[in-house]
Amino acid sequence: MKLRITDEAKQQIEQIQEAGRPILRLFYDTEGCGCGVNGLPTVRLEHEERTTDERVENEDYPVIIDNQQAIFFKKDMKLDFVRGTFRLSSPDGILNPIIPIKDVKEGATI
């Protein structure tokens, strides 16, 4: 799995990133969606890796994903920053068009 981060997204991550949370986590958010298979792919800042995490290829940041959530993501993705929010997409289409800065900054809730 690979995540490319655009320059715009990198600049925004640098502004909101805290020293204690240097990792980006690809996260399948199911809160408020009814069940575990209904949700939205998103990204969060994280402080540590877990034993169930896998590394995601990226040239700029350490990026991880829980191995059980990987099925909800594409092999090749892009994180961009458009009109004040993050956007996660793949060559197949947009995975999540609106990821608020606040959500990325709060970190994973798993």
Side-chain angles (χ1 to χ4, degrees):
M1 188 174 290
K2 181 178 182 179
L3 177 67
R4 184 174 66 82
I5 303 174
T6 66
D7 290 339
E8 294 83 4
K10 285 179 210 173
Q11 290 173 0
Q12 190 61 42
I13 290 168
E14 288 171 7
Q15 290 179 13
I16 65 172
Q17 191 173 33
E18 299 168 3
R21 298 196 9 241
I23 302 168
L24 288 177
R25 175 181 292 281
L26 292 173
F27 179 68
Y28 192 67
D29 189 0
T30 59
E31 189 168 326
C33 295
C35 74
V37 295
N38 292 327
L40 281 171
T42 190
V43 64
R44 303 277 197 252
L45 287 169
E46 180 67 80
H47 64 281
E48 66 183 1
E49 291 185 48
R50 297 179 177 94
T51 58
T52 57
D53 289 335
E54 299 174 4
R55 286 285 180 136
V56 175
E57 185 180 331
N58 181 270
E59 295 179 11
D60 303 296
Y61 294 97
V63 180
I64 56 174
I65 186 169
D66 184 280
N67 60 20
Q68 292 185 356
Q69 290 193 349
I71 192 169
F72 299 109
F73 292 83
K74 300 293 184 177
K75 295 234 182 254
D76 185 23
M77 295 171 288
K78 175 175 77 171
L79 183 64
D80 200 358
F81 191 76
V82 180
R83 295 187 188 112
T85 63
F86 290 95
R87 175 181 292 171
L88 187 62
S89 63
S90 78
D92 297 330
I94 295 176
L95 301 172
N96 189 340
I98 301 171
I99 305 171
I101 294 170
K102 177 183 170 277
D103 290 356
V104 175
K105 191 174 182 178
E106 284 178 358
T109 58
I110 58 175

Which heavy atom of [X] sits nearest to which heavy atom of [Y], and what is that distance?
X	Y	answer
Ile65	Leu26	CG1-O, 3.6 Å
Glu54	Asn67	OE2-CB, 2.9 Å
Pro22	Ala19	CD-O, 3.9 Å

Handout entry: Contacts of type salt bridge (charged side-chain N to carboxylate O under 4.0 Å, His left out), residue Glu49, not counting sequence neighbours
Key =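 Residues passing salt bridge (charged side-chain N to carboxylate O under 4.0 Å, His left out) with Glu49: Arg55.
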Handout entry: Contacts of type salt bridge (charged side-chain N to carboxylate O under 4.0 Å, His left out), residue Arg4, not counting sequence neighbours
Key =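 Applying salt bridge (charged side-chain N to carboxylate O under 4.0 Å, His left out) to Arg4 gives none.
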Once rounded to the nearest 0.5 Å, what's the spacing between atom [atom1] of [X] and atom [atom2] of [Y]?
X	Y	atom1	atom2	result
Gln17	Lys105	CD	NZ	11.5 Å
Ile13	Ile5	CD1	CD1	4.5 Å
Phe72	Thr42	CZ	OG1	14.0 Å

Practice task
Kindly work out whether a path of hydrophobic side-chain contacts (I/L/V/M/F/W/Y, heavy atoms less than 4.5 Å apart) joins Val56 to Ile64.
Solution key: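 No, because Val56 and Ile64 fall into different hydrophobic clusters, even though each may have its own neighbours under 4.5 Å.
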Problem - Step-by-step side-chain contact (heavy atoms from CB on, under 4.5 Å) determination, His47 to Arg21 - result: CA-CA 4 Å; His47 64 281; Arg21 298 196 9 241; 3.8 Å; yes
Going by heavy atoms in the side chains, are [X] and [Y] under 4.5 Å from each other?
X	Y	value
Asp53	Arg25	yes
Ile23	Leu45	no
Asp29	Arg44	yes

Name each donor-acceptor pair under 3.5 Å that joins a side chain in residues 77-96 to protein atoms two or more places apart or in another chain, with its distance.
unit_1	atom_1	unit_2	atom_2	d
Asp80	OD1	Thr6	OG1	2.7
Thr85	OG1	Val82	O	3.4
Ser90	OG	Asp92	N	3.1
Asn96	OD1	Ile98	N	3.2
Asn96	ND2	Pro41	O	2.9

Handout entry: Residues in side-chain contact (heavy atoms from CB on, under 4.5 Å) contact with Gln15, at least two apart in sequence or another chain
Key =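 If we apply the side-chain contact (heavy atoms from CB on, under 4.5 Å) test to Gln15, skipping adjacent residues, the hits are Gln12.
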Exercise for the section: Output every pair passing side-chain hydrogen bond (donor to acceptor under 3.5 Å, both in side chains) with a member in residues 56-65, not counting sequence neighbours, ordered by first then second residue. Expected result: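 Non-adjacent pairs meeting side-chain hydrogen bond (donor to acceptor under 3.5 Å, both in side chains): Lys10-Asp60.
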